[in-house]
Asker: 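Okay, here's the structure, questions in a sec.
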Amino acid sequence: MWGTVVFVLEADVGLTHGASPWLKGSQSWPPRLVITMAAVDRFYLLYREISRSCNFYIEALAIVGAWYTVRKCVSLAIDTYSMIRLHLIPKLGGEIDLVKRYGKWAVVTGGTDGIGKAYAQELAKRGVNIILISRSKEKLEAVSRSISETYKVETDFIVADFSKGREPYPAIKEALKDREIGILVNNVGIFYPYPDYFTNLSEDILWDMINVNIVSANMMMHIVLPGMAEKKKGAIVNISSASCCQPTPMLTIYGASKTYLDYFSRALHYEYASKGIFVQSLTPFVIATKMVACSSVTSKRSFFFPSAEEYASHAVSTLGLSTRTTGYWKHAIKFTLGEQLPEWIWAWFAMYFFRIIRKEALTCKVK
């Protein structure tokens with residue numbers, strides 16, 4: 001192929017200058033020089049033709065690149081604005097009158113410890129009367145009395161074990177029938193004793209995870225929603241988890257149950273927003289509570305692991321502003337990054353992190 005091209009080039013040069021000096025025996029145009037000059041000239045012409053034909057594709061790629069850059073910049077600007085609107089402006093401005101907007105009473109499930117207790121206290125601080133639901137009567141009495149004395153609001157409690165399937169709900173429905181429920185906080189939930197492989201979990205944990213993490217939220221909403229819809233105002237807060245961000249190995253059942261709650265919340269909001277009801281899905285990362293006592297790292301308050309009180313203070317201020325949020329600005333950064341990661345990286349990191357926690361928990365268990 002190259003031999004043919006060189007021959008044509010040499011012939012072209014010869015025709016341009018009359019008879020080829022090389023053919024006449026002259027040494028002024030050596031064969032190698034003729035071939036080299038012709039090849040360079042031909043390469044330039046070939047390059048120019050290729051460039052001309054590629055111009056369209058280069059311009060198209062440039063447009064795609066510009067569009068992608070603009071899209072990312074706009075997305076970043078929107079995310080930044082959303083974070084400021086959710087986590088900064090409410091702290092600087094006045095607090096929303098939750099009683100006026102939603103109603104006088106709030107029901108908080110799992111309200112004797114951790115996030116539930118802190119969220120109930122934060123609502124009471126804003127003048128909302130509190131009804132706590134949990135399985136320990138002693139804890140319910142103590143927390144209920146403490147909230148009433150500290151924040152000067154009315155309190156009540158209902159003893160119920162959500163792991164008992166359908167059993168507790170008739171009594172709950174009867175106890176709430178004459179109350180003006182403005183806010184429902186579905187906080188009750190159970191976690192693994194420590195992160196573990198699916199086949200290592202007992203059948204009791206599997207059933208409890210479904211009954212407590214999923215069924216309780218469905219049934220509690222089914223009880224209070226008719227009253228809210230009749231008044232055309234109310235708010236439901238379902239506390240999910242950042243494990244719904246992407247598939248999380250070694251927390252398979254827990255993550256799946258919280259993903260269900262997140263999906264359900266978002267869909268339900270579309271159903272009932274027109275009736276004046278606000279449904280919010282909270283998706284926090286790890287919070288330093290007794291639920292994560294299996295790890296010495298996550299159970300201690302730190303920069304990314306807030307206390308339940310610190311978290312609740314931020315989360316309540318987002319009520320009515322966002323249907324889906326982590327509730328805490330530091331967690332919002334992590335959640336945004338987590339969604340951008342390829343699934344396999346998220347899963348690899350989860351496996352690595354939870355294996356360490358599992359090893360630590362098993363070591364402590366042996367001791």
Side-chain angles (χ1 to χ4, degrees), residues 109-110 113-116 161-165 186-221 238-268 281-299 304-305 311 324-328 331-332 334-366:
T109 65
D113 287 300
I115 300 174
D161 186 349
F162 290 108
S163 67
K164 300 299 183 181
N186 284 310
N187 165 75
V188 68
I190 62 171
F191 191 65
Y192 291 18
Y194 50 84
D196 209 346
Y197 297 95
F198 175 74
T199 52
N200 291 341
L201 304 175
S202 67
E203 289 187 8
D204 288 340
I205 289 179
L206 300 183
W207 281 111
D208 288 350
M209 197 77 68
I210 293 170
N211 283 324
V212 178
N213 291 10
I214 297 178
V215 175
S216 66
N218 283 263
M219 294 306 298
M220 288 303 301
M221 284 186 275
N238 292 322
I239 299 182
S240 179
S241 166
S243 60
C244 74
C245 178
Q246 297 218 44
T248 307
M250 301 195 76
L251 292 181
T252 49
I253 295 295
Y254 178 79
S257 69
K258 292 301 184 178
T259 300
Y260 172 90
L261 200 57
D262 177 56
Y263 178 95
F264 182 39
S265 304
R266 291 151 63 192
L268 198 70
S281 173
L282 284 180
T283 57
F285 274 84
V286 177
I287 297 169
T289 64
K290 289 193 292 185
M291 184 178 279
V292 290
C294 58
S295 170
S296 59
V297 175
T298 58
S299 60
F304 280 117
F305 303 149
Y311 175 78
R324 189 183 191 231
T325 173
T326 61
Y328 185 54
H331 287 185
K334 292 165 64 177
F335 196 92
T336 301
L337 294 174
E339 285 186 312
Q340 302 304 317
L341 286 176
E343 184 178 301
W344 69 270
I345 294 180
W346 171 279
W348 177 88
F349 181 78
M351 286 287 288
Y352 176 80
F353 182 65
F354 290 137
R355 278 172 177 164
I356 293 174
I357 294 178
R358 179 176 183 270
K359 183 178 180 180
E360 179 186 357
L362 290 174
T363 302
C364 293
K365 191 176 180 181
V366 171

Asker: Shortest non-hydrogen contact from Asn218 to Phe264?
Answerer: OD1-CE2, 3.6 Å
Asker: I'd like to check Cys245 versus Thr283 (side-chain heavy atoms, cut-off strictly below 4.5 Å). Are they in contact?
Answerer: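 No, their side chains stay 4.5 Å or more apart.
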Asker: When you check the gap from the basic side-chain N to the acidic O, do Asp262 and Arg266 get nearer than 4.0 Å?
Answerer: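 Judged by the 4.0 Å cut-off on N to carboxylate O distance, Asp262 and Arg266 do form a salt bridge.
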Asker: Between the main-chain N or O of Phe285 and the side-chain N or O of His331, is there a donor-acceptor pair closer than 3.5 Å?
Answerer: yes
Asker: Work out which heavy atom in Leu261 is nearest to a heavy atom in Ser265; give both atom names and the distance.
Answerer: O-OG, 2.6 Å
Asker: Less than 4.5 Å apart, side chain to side chain, heavy atoms only: is that true for Thr325 and Phe335?
Answerer: no
Asker: Using a distance-only test with no angle check, is there a side-chain donor-acceptor pair under 3.5 angstrom linking Asn200 and Tyr192?
Answerer: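 Side chains of Asn200 and Tyr192: no pair found under 3.5 Å.
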Asker: So, Thr109 side chain and Asn187 main chain: donor-acceptor pair closer than 3.5 Å or not?
Answerer: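 It does hold such a pair.
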Asker: To the nearest 0.5 Å, what is the distance between CG (Asn238) and OH (Tyr263)?
Answerer: 15.0 Å
Asker: Between CD1 of Ile357 and CG of Asp196, what distance do you get to the nearest 0.5 Å?
Answerer: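 Between atom CD1 of Ile357 and atom CG of Asp196 there are 12.0 Å.
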Asker: Of all heavy-atom pairs between Val188 and Ser216, which one has the smallest distance, and what is that distance?
Answerer: CG1-OG, 3.5 Å
Asker: Check for a donor-acceptor pair, side chain of Ser240 on one end and backbone N or O of Ser281 on the other, with a separation under 3.5 Å.
Answerer: no
Asker: Look at the side chain of Lys258 and the backbone N and O of Ile239, then say whether any donor-acceptor pair between them is shorter than 3.5 Å.
Answerer: yes
Asker: Is any side-chain heavy atom of Phe162 less than 4.5 Å from a side-chain heavy atom of Val215?
Answerer: no
Asker: I'd like a table of donor-acceptor pairs (distance under 3.5 Å, sequence neighbours excluded) in which one partner is a side-chain atom from residues 339-356, with atom names and distances.
Answerer:
residue	atom	partner	partner atom	Å
Trp346	NE1	Gln246	O	3.4
Trp346	NE1	Pro247	O	3.3
Trp346	NE1	Thr248	OG1	3.2
Arg355	NE	Tyr197	OH	3.3

Asker: Distance check, rounded to the nearest 0.5 Å: Ile115 atom CD1 versus Asp113 atom CG?
Answerer: 11.5 Å
Asker: Side-chain atoms of residues 201-214: list all donor-acceptor pairs with protein atoms under 3.5 Å, sequence neighbours left out, distances to 0.1 Å.
Answerer:
residue	atom	partner	partner atom	Å
Ser202	OG	Ile205	N	3.3
Asn211	ND2	Trp207	O	3.3
Asn213	OD1	Ile190	N	2.8
Asn213	ND2	Ile190	O	3.2
Asn213	ND2	Ser257	OG	3.2

